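If you're wondering where the values come from, they're calculated on a predicted model, not measured in any experiment. In what follows, every heavy atom counts, from backbone to side chain, and hydrogens, waters and symmetry copies are set aside. Below, chain A is the first sequence line, B the second, and so on; all start at residue 1.
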Amino acid sequence: MNPTIQPLRGMNDVLPADMPWWHFLESTAHGLLDAYGYQEIRLPLLEQTTLFKRAIGEYTDIVEKEMFSFDDRDGDSLTLRPEATASLVRAAISNGLLHNQRHRLWTAGPMFRGERPQKGRYRQFHQIDVEAFGFVGPDIDAELISLSARLWQRLGLSKVRLELNSLGTPESRLVYRERLVEYFTRHHALLDEDSRRRLQGNPLRILDSKNPELAEMIAAAPALEASLGDACRAHFDGLQQALTDAGIAYTVNPRLVRGLDYYSRTVFEWVTDALGSQNAVCSGGRYDGLIPLLGGEPTPAIGWALGEERIVLLMQELGISPPGVQPDVFVVIVGERASRAGLAMAEKLRDAHPGLKVHAGLGGGGFKAQFKRADKSGATVAVIIGDDEADRGVAQVKHLRMETAQTTCAFAEVPLQVAALLGATDGR
RNA sequence: GUGGACGUAGCUCAGCUGGUAGAGCCCCGGAUUGUGAUUCCGGCCGUCGCGGGUUCGAGUCCCGUCGUCCACCCCA
């Protein structure tokens, strides 16, 4: 045997056993987005490296050390997208979607970041990403958050809570940033190593520190809220009012700052305590300034992204079982002559009832083995064909979940009998 | 990127101070030769992540490497 090949670090196979949760999440989200009037857009996985440098910020960790970048044959630097927003904005600009227009868009797929893997944090991970362009007011902020809240509700997800903050405008943030740097510089002796590093690059992130020794000093730091302008203040108030109207609970977390540079005003995060340290399952915010940065007409914009792996993990953690995918019918096939008749019967059932889930008991085995498989498959009804039946042109039809007699039917009668038994179960 | 734990059958794991691998589950077959549970019997499955070193001898010790997990960092 040849040596086996290990998968790449942080790159996972999503196995059949987990797919029901993925489908549940994706189909629920898809349905909800449709219902809210959001349109799907599909984007390339590769973009010019410049896009992310400009959008996310040249000096963020993501761009500095986590991107999968490489040169193509022409020497151009390409990057596997580390997030969707930049690509989506680029696509909107490339296709002229931003000329005095409004758009509600969503996309889903894999993202790539070269981080050290951990549970709920992978190098290839999947996001569902929702963005709205051209809406100024806090109403769209509230709609987007309501949409996410409704998604949790539909998925049966508890143990998530909403945290909210406003970062103000880039200008006011700059002023605040200076005050913060001034404050932390004054307390430089108290800062840990990480925070000293952050003081250079992204001082706002110090507010987010998990180090309990810094808690007291951080709590006394100037509050971002105080440097909010009137317009931002009103926007934030409007959002909170709308959320209260919608009955969505939230807490304002003044220390909630985002890792990406492009956010302004509203930022929010759905967090959980159930997944260890990777506690953010969905986060987003407003980024009114990003589009001109990428060469588009100034357009207000807001969006969020959820991590599919984290949601799936959380659903499993909470014991949420997705809708089953059990077959309706299992065709028990035993014997040489039964083999042909069995296959034909499975097809006949599919012809007669297009939506019917039919598993054919291929692969041989005796009656005992076939019935074990039928039982394990979760099928409701078994259609049984042995050599005996094949010779006589009949099949046995048996309900596997109810104590009723097994009946013998001519081949032609089988679809009807099957439908009758399924009807007895769930009113189909 | 930093610190730590770990990597033995498809899965969960055992294997003490080094002497050439075990259990349970799963799967397959059988228990009056055509029917799903339980029980019982039998069977299949591993180059002990990979590479090197020490040793008469390594799953067991050492080094390297790849991967997983946890915390930090970062973030979905």
What interatomic distance, in whole Å, is found between P of B/C16 and the corresponding atom of B/U20? 12 Å
Nearest-Å distance once atom C1' is located in both B/C48 and B/G10: 16 Å
Regarding B/C75, can its base be found pairing with the side chain of A/R310 as donor and acceptor, where the two atoms are less than 3.5 Å apart? yes
Would you state whether a donor and an acceptor, one from the side chain of A/R121 and one from the base of B/C74, lie under 3.5 Å apart? yes
Can we say A/K159 and A/E317 salt-bridge, meaning some charged N sits less than 4.0 Å from an Asp/Glu carboxylate O? no
For A/K398, report the nucleic acid contact type (base, sugar-phosphate, nothing); a contact means any heavy atom under 4.0 Å. base
What nucleic acid atoms does A/F330 come within less than 4.0 Å of, heavy atoms only: base, sugar-phosphate, or nothing? nothing
Residues A/R401, A/D375: salt bridge by 4.0 Å N-O rule: yes
Write down the distance separating the P atoms in B/C44 and B/G24, rounded off to the nearest Å. 14 Å
For A/A374, report the nucleic acid contact type (base, sugar-phosphate, nothing); a contact means any heavy atom under 4.0 Å. nothing
Once you apply a heavy-atom cut-off of 4.0 Å, does A/V334 come out as touching a base, just sugar-phosphate, or nothing? nothing
Quick test of your reading of the model: are A/E182 and A/R179 salt-bridged, counting only N-O distances below 4.0 Å? no
Touch check for A/K65, heavy atoms < 4.0 angstrom, all strands: base, sugar-phosphate only, or nothing? nothing
Need one value for A/R116: base, sugar-phosphate or nothing, where a base atom within 4.0 Å counts as base even if backbone is also close, heavy atoms only. base
Take atom P in B/A14 and the same atom in B/C6, then report the distance between them in whole Å. 11 Å
Looking at the base of B/G34, is there any donor atom on it, or on the side chain of A/E389, that sits under 3.5 Å from an acceptor on the other one? yes
What does A/G120 touch in the nucleic acid at a heavy-atom separation under 4.0 angstrom: a base, only the sugar-phosphate, or nothing? base
Check whether the side chain of A/Q370 and the base of B/U35 form a donor-acceptor pair under 3.5 Å. no
Name the nucleic acid region contacted by A/E308, choosing base, sugar-phosphate or nothing; use a 4.0 angstrom heavy-atom cut-off, strictly under. nothing
When you compare the side chain of A/T407 with that of A/L421, does any pair of heavy atoms fall below 4.5 Å? no
